[in-house]
Number of protein chains: 2
Amino acid sequence: MYTTLLRIIFNMPGGYDSVVKTLNQEAIVLVALDIARQKGLPAVTMRAVAGHFGVTAMALYRHVADREELARLVVDRIGSHIRPAAPQGDAREDDVAGDHTTDHADWDDRARAWARAQRTVLRQYPGTAAWLIENGPAGPQAYRLLENLAAALAGSGLDDARTARGTALIMSWTFSRVAVEDRAGPPRGERADTFVGGLTTIDPERHPVTARIGQEFFTLDDEEIFETGLNWILAGLGADAAAT
Amino acid sequence: MYTTLLRIIFNMPGGYDSVVKTLNQEAIVLVALDIARQKGLPAVTMRAVAGHFGVTAMALYRHVADREELARLVVDRIGSHIRPAAPQGDAREDDVAGDHTTDHADWDDRARAWARAQRTVLRQYPGTAAWLIENGPAGPQAYRLLENLAAALAGSGLDDARTARGTALIMSWTFSRVAVEDRAGPPRGERADTFVGGLTTIDPERHPVTARIGQEFFTLDDEEIFETGLNWILAGLGADAAAT
DNA sequence: GTAGCGTGGTATACATAGTAAACATCCGGC
DNA sequence: GCCGGATGTTTACTATGTATACCACGCTAC
């Protein structure tokens with residue numbers, strides 16, 4: 001409203017759009033992305049996004065179908081930030097065609113790079129990993145990333161069926177680890193009844209192994225857990241591929 | 001309310017409690033468990049549970065602190081249904097002490113049995129796996145089950161740190177697979193823009209590998225994906241244990 | 001120029017959640 | 001016979017998504 005007036009006041013060719021954010025899908029997604037980064041994906045509510053524009057929540061519905069669509073757009077945009085670099089160390093962009101020409105010997109390094117890139121970006125947007133597990137990856141970026149991973153695994157010599165299963169395994173590990181890391185973040189040691197937090201009070205009589213390795217849960221950092229799991233997964237895949 | 005009157009009407013020693021459910025924590029958890037099984041954990045709302053007793057939602061707060069506590073009680077109760085049988089085939093109950101006396105050679109079969117038992121039960125209560133990923137396992141049953149798994153892995157010869165990481169990996173795979181299966185359930189082929197549903201429309205030009213293996217995502221059933229992933233994980237763990 | 005129509009934002013309201021606060025009721029013990 | 005704790009109710013407030021009706025602007029066709 002009053003756009004004409006504001007255009008006169010600001011006296012600029014493109015109107016006031018370059019100063020005050022215009023309400024369109026692109027801008028909405030960007031604001032939502034910002035909220036997701038700062039407060040997590042669940043904090044991306046219609047009212048919160050609308051508030052950043054000084055409009056009502058209903059205004060957003062002229063540009064996105066509903067919250068579900070907005071979430072998908074946000075997650076897809078997050079996916080566009082994930083650029084698994086080639087493991088050789090050269091900084092070239094990953095282009096799908098190019099990836100297929102790389103040496104097949106380093107398939108596991110490519111898979112590792114893929115998982116690390118996923119984790120790095122997903123960690124910046126709390127709640128996204130959990131969302132992906134519950135809703136499933138979708139959209140163009142998801143396809144691009146799936147292709148990257150599948151291409152890497154296909155280079156191992158696994159057949160198609162195993163390649164498909166392998167992508168599921170690596171994606172699962174990546175998403176669920178980040179989801180776990182998301183919650184373990186800020187309120188460290190706040191809730192005593194949490195799984196990890198409660199490990200100090202384990203009764204060694206009834207739970208001898210847990211009591212013994214309980215310390216490990218504290219000292220291990222997320223990085224180590226993630227990398228070790230990834231190594232085991234790739235070792236298992238590699239052994240299977242070699243045996244075929 | 002009117003308990004005296006009802007006791008007179010029903011004319012029974014214990015009052016009407018044996019006919020109409022009494023409101024106490026145990027009964028609340030059982031009703032919540034029932035709702036979780038039929039409609040999933042997210043459907044366990046305070047009002048829904050209260051409705052089954054013919055009371056208001058606020059009445060529940062005399063017996064549970066809040067929805068969070070109720071959810072934890074429900075999940076713990078679900079955990080009590082998980083009884084990973086010994087892999088030898090004998091039907092004895094798994095008791096923690098007994099588990100440790102079993103032969104260490106079959107550590108991977110024990111881990112497999114653990115994961116299968118988890119999956120079988122978690123599948124009966126949709127949304128629980130996702131809840132576990134987001135909130136983390138907690139409570140007595142979680143400890144018992146963790147001990148079971150850790151004990152199995154410790155039998156592989158892995159050191160404590162690796163055992164801890166191994167439990168995280170196996171739990172992650174189990175939980176996230178069931179979480180994925182939960183959503184893939186009823187609305188199969190409903191949303192065309194879903195990850196799996198969209199795989200038919202993959203452009204073979206841009207996503208050659210995905211297009212090729214796309215069929216596999218349809219034909220593979222959940223059982224196969226789960227078992228194969230589990231095998232790879234255990235193979236990776238085993239190789240590492242053997243190398244140490 | 002003006003009538004009308006489409007685009008886009010607003011106002012209002014409803015449904016579903018959890019839950020706080022004050023009140024009511026009932027029952028057992030003094 | 002009354003009192004106090006335990007237990008359920010009432011009311012209401014919050015946050016969330018979203019349906020519906022409305023309205024204001026500005027462009028286009030006459």
Could I get a table of every N or O pair under 3.5 Å where one atom is in the protein and the other is in nucleotides 16-18 of chain D?
unit_1	atom_1	unit_2	atom_2	d
dG17(D)	OP2	Met46(A)	N	2.9
dG17(D)	N7	Arg47(A)	NH1	2.7
dG17(D)	O6	Arg47(A)	NH2	3.3
dT18(D)	OP2	Tyr61(A)	OH	2.8
dT18(D)	OP2	Arg67(A)	N	2.9
dT18(D)	O5'	Tyr61(A)	OH	3.4
dT18(D)	O4	Arg47(A)	NH2	3.3

*Would you please say whether a donor-acceptor pair under 3.5 Å links the side chains of Thr228(B) and Arg165(A)?*
yes
_side chain to side chain donor-acceptor pair (under 3.5 Å) evaluation trace for Ser176(B) with Ser176(A)_ = CA-CA 6 Å; Ser176(B) 74; Ser176(A) 74; 4.5 Å; no
_Distance in angstrom units between Asn24(B) CG and dA6(D) P, rounded_ = 16 Å
*Could you check how far CZ of Arg62(A) sits from P of dA19(D), rounded to whole Å?*
12 Å
*Tell me: CG of Leu60(A) to P of dA19(D), nearest whole Å?*
14 Å
_Considering only residues two or more places apart or on different chains, which pairs with a residue in residues 40-67 of chain A satisfy salt bridge (Lys or Arg N to Asp or Glu O under 4.0 Å)?_
none
_Salt bridge flag under 4.0 Å for residues Arg119(A) and Glu223(A)_ = yes
_Whole angstrom value for the distance that separates P of dT10(C) from CZ of Phe53(A)_ = 12 Å
*Compare side-chain N and O positions of His63(A) against OP1 and OP2 of dT7(C) and report whether any pair is under 4.0 Å apart.*
no
*Short side-chain N/O contact to dG9(C) OP1/OP2 from Thr56(A), under 4.0 Å*: no
*Could you note down all residue pairs passing salt bridge (Lys or Arg N to Asp or Glu O under 4.0 Å) where residues 128-142 of chain B supplies at least one of them, sequence neighbours left out?*
none
*asked:* For a quick check under 3.5 Å, do Thr210(A) and Glu147(B) share a side-chain donor-acceptor pair by atom type?
replied: yes
